[in-house]
Novice: 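Below is the structure I would like to discuss, written out as structure tokens.
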Amino acid sequence: MQRDLESKANALSKIQKDVSKNHQVRKQYTIQVGENELVLKELELVNDEANVYKLIGPVLVKQDLAEAKANVKKRIEYISAELKRMDRALKDLEDKQNSKKESIFKLQQKMQAVQTKA
Amino acid sequence: MAAATRKGTATPLGAVFSPEETRRAVARVTEAAAGRRAELARLQGFAADNAALVSLVQRLPDELSHEIMVPFGGAAFFPGRLIHTNELLVLLGEGYYAERSAKQTTEILRRRGMELEAQVEAMKATIADFEAEAKFFESTAAEASEGLVEIREEYDEGTEINSSTLADASSSATGMSDKNRVHAQIMARLDELEMEEKEAGSSSEEDGEEDEEDEEEDAGPSEDDEEEGDVLSDDNDHQNASFGASFSGSGRNDQSHGSAQPKSILKKPVGKEILKGASLAPSARTPHSVFPGQASIINSEIQLPTKKAVSFQDDNKHIIGSSKSSPLPQCPEYSSSLLKVSSDNTSHERKIISSGQKQAFTGSIIEHDANMSTFQPSKSEDLQNPAISPRPVSRFKMQKGGR
């Protein structure tokens, strides 16, 4: 019984770590999405003749405005999809976490009952 | 209050919220608030930088070229000139740069500044929330350590009403003994006043309301004492509760008597009355001013147009959150029994409404335009015999609608 409890506790802590990691990644993604949306807004405001450059490593490369806009839009979509996926994964993890907690709790109760009997 | 017959529980606050834990909660919340404050400082630094940049960019195109000391390497400078002063490569984010003129750059920077400001405001709001939480915890901890006791009693409406006149002794705990004594007088006066109001109309409303408030107050306590054992409830809560009760009562009436009346009731003048009542109510420190008009304000300044009745459930004597009852001026009779009403949505006072309403209202509804208090004397006795099934006064269960 003890061993069972320990293994369950380990699984629970692992799940909790996953949940916190998920949170962090989600936060990062959210920030990125925000930034990309800002960029898109500015790009819309730039008139067609202006030059847009992209920083690739140490090089500033001239980019076509339309192309740049398309790229940013795609990035936004990609990140949002990722965010949604993470949300679902987070929910799953949380459900699992809760069920594990319950089973641990029940196990603990059983153990207490056994101990009091003995 | 038949305290003797009723069972109650007195739980020291300290047991429910141990002072130690509350203090720890306070520490936690203040920590979180401190973290947020650091973030806020960072954001404000950004905002300051942005402003400095805007002023710099605006000065650049003033000259064809600027004489400057150009940094060279890590620790050297050489004199040089800044040319093309109107052409700037602005970082838009995510590695994207755009060539813009100075004016366009200031536009971009200004937009960024607004974004930053919005973030700063949001951060300030969260910090304020945290601080409020911390204050609440702090006060709970202080109360718990002082040994404040939460008292809960079962509310048995039948016994309550019957014993209301003898309530003096029992009311000492809640400090409402005075009201109990006057209860009977109040009831009689209430009846009179209602007649008066009927005749006088809206003009006398304010006065009537005030009178009613006082009266209601007295009437209320008797019922109150029995039901509410919670020492911590505020007067305001009572007020709200009573308003809510009368409000819901009227709502109920609507229900039972069709929707025709609510329309009449919901006229603007009524609304005004209600507003008046509401403003009066807070000033009157009567815990139970069950003035229907007032109640309606609490419940629905916005809800005036909705005629949905009720908050009362037929089988349930509890008042439901006043969210939907339209103010029907006919509930004055219930005022005495409506002492406990769950107040408007925001306040969570849960008091049991004497169930008398359901039974009491058997006649037709008297329409009173702008006159909230229409007492129907014939029905007053009905109010006295509510048959509420005794149940523990769980404040949170009392509300209908699962609020």
Side-chain angles (χ1 to χ4, degrees), chain A residues 16 19-84 86 101 105, chain B residues 28 31-32 35-36 38-47 49-51 53-54 57 60-61 71-74 83-123 125-126:
Chain A
Q16 280 176 333
V19 167
S20 63
K21 235 195 327 167
N22 199 311
H23 268 291
Q24 254 187 318
V25 178
R26 268 185 86 239
K27 237 196 296 193
Q28 235 189 337
Y29 275 162
T30 321
I31 296 180
Q32 278 189 336
V33 154
E35 197 175 336
N36 273 297
E37 286 187 352
L38 260 185
V39 174
L40 193 62
K41 239 194 325 174
E42 294 291 345
L43 280 181
E44 304 285 343
L45 288 169
V46 166
N47 58 19
D48 285 332
E49 294 312 310
N51 300 326
V52 175
Y53 300 86
K54 181 148 168 72
L55 187 68
I56 303 182
V59 179
L60 254 188
V61 179
K62 192 158 147 79
Q63 283 239 318
D64 185 26
L65 183 63
E67 201 183 322
K69 280 199 208 161
N71 282 346
V72 174
K73 277 199 197 105
K74 265 203 220 94
R75 228 165 148 221
I76 290 182
E77 286 172 16
Y78 172 70
I79 298 187
S80 331
E82 277 291 308
L83 258 184
K84 275 207 207 90
M86 299 237 89
K101 274 200 203 146
F105 187 59
Chain B
R28 265 203 319 261
E31 248 182 71
R36 290 285 186 283
E39 265 294 309
L40 183 70
R42 211 168 62 100
L43 283 176
Q44 282 170 333
F46 286 165
D49 283 347
N50 207 24
L53 196 56
V54 169
V57 166
L60 269 182
F72 195 62
I83 58 176
H84 293 289
T85 48
N86 204 27
E87 298 165 32
L88 296 153
L89 254 185
V90 186
L91 171 68
L92 305 177
E94 287 286 317
Y96 281 95
Y97 290 80
E99 240 180 19
R100 306 251 82 200
S101 75
K103 215 157 66 133
Q104 291 159 334
T105 314
T106 53
E107 294 295 310
I108 295 181
L109 287 177
R110 200 168 299 136
R111 280 190 288 264
R112 246 183 243 169
M114 293 201 323
E115 271 287 321
L116 274 179
E117 270 184 38
Q119 284 180 18
V120 164
E121 292 298 315
M123 196 53 79
T126 19

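Worth saying up front: this structure is predicted, and the values here are computed from it rather than measured. In what follows, chains are A, B, ... by sequence order, proteins preceding strands, each numbered from 1.
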Novice: List, with distances to 0.1 Å, the donor-acceptor pairs found between chain B and chain A - the cut-off being under 3.5 Å and no angle criterion applied.
Specialist:
residue, atom, partner, partner atom, Å
B:E94, N, A:E35, OE2, 3.0
B:E94, OE1, A:R75, NH1, 2.0
B:G95, O, A:L55, N, 2.7
B:Y97, N, A:Y53, O, 2.6
B:Y97, O, A:Y53, N, 2.7
B:E99, N, A:N51, O, 2.9
B:E99, OE1, A:N51, ND2, 2.7
B:R111, NE, A:E42, OE2, 3.1
B:R111, NH2, A:E42, OE1, 3.0

Novice: To check you understand the geometry: which heavy-atom pair defines the closest contact between B:L92 and A:L43, and what is its length?
Specialist: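 Residues B:L92 and A:L43, closest heavy atoms: CD1-CD2, 3.6 Å.
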Novice: Against chain A, label B:L89 side chain, backbone, both or neither, depending on which of its atoms sit under 4.5 Å from a heavy atom there.
Specialist: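 For B:L89, side-chain heavy atoms alone lie under 4.5 Å from chain A.
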Novice: In Å and rounded to the nearest 0.5 Å, what is the CD1 to CG distance from B:I108 to A:L45?
Specialist: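 Between B:I108 CD1 and A:L45 CG, I get 8.0 Å after rounding to 0.5 Å.
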Novice: What part of A:L60 gets closer than 4.5 Å to chain B, counting heavy atoms only: side chain, backbone, both or neither?
Specialist: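 For A:L60, side-chain heavy atoms alone lie under 4.5 Å from chain B.
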Novice: Looking at B:A98 and A:V46, what are the two nearest heavy atoms and their distance?
Specialist: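 Heavy atoms of B:A98 and A:V46 come nearest at CB-CG2, 4.5 Å.
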